[in-house]
Amino acid sequence: MKKDIHPKVREVEFVCACGAKFKNETTKHGSDDMKVEICSVCHPFFTGKQKIVDAAGRVDKFNKRYAAKK
């Protein structure tokens with residue numbers, strides 16, 4: 001391999017919005033801690049608790065259209 005062409009890998013601490021902290025490696029430059037919005041502790045896929053986000057009644061609009069076709 002050629003020298004000095006690969007990015008430097010360093011270990012940082014990731015902090016989730018739920019408060020969970022974990023360490024991982026990254027090539028991104030910056031501070032020693034990175035903030036993330038969602039992690040495996042609070043993600044619905046891993047927790048089994050599904051949340052339906054109804055943005056501007058889109059779920060209701062879909063249900064009304066689907067019910068009208070029956």
- Message: With heavy-atom distances below 4.5 Å as the criterion, would you say the side chains of Cys39 and Phe14 are in contact?
- Response: no
- Common cluster, Val12/Val36, ILVMFWY with side-chain heavy-atom separation under 4.5 Å: yes
- Message: Tell me which pairs pass side-chain hydrogen bond (donor to acceptor under 3.5 Å, both in side chains) where either residue lies in residues 21-39, with sequence neighbours left out.
- Response: Arg10-Asp32, Ser31-Asp33
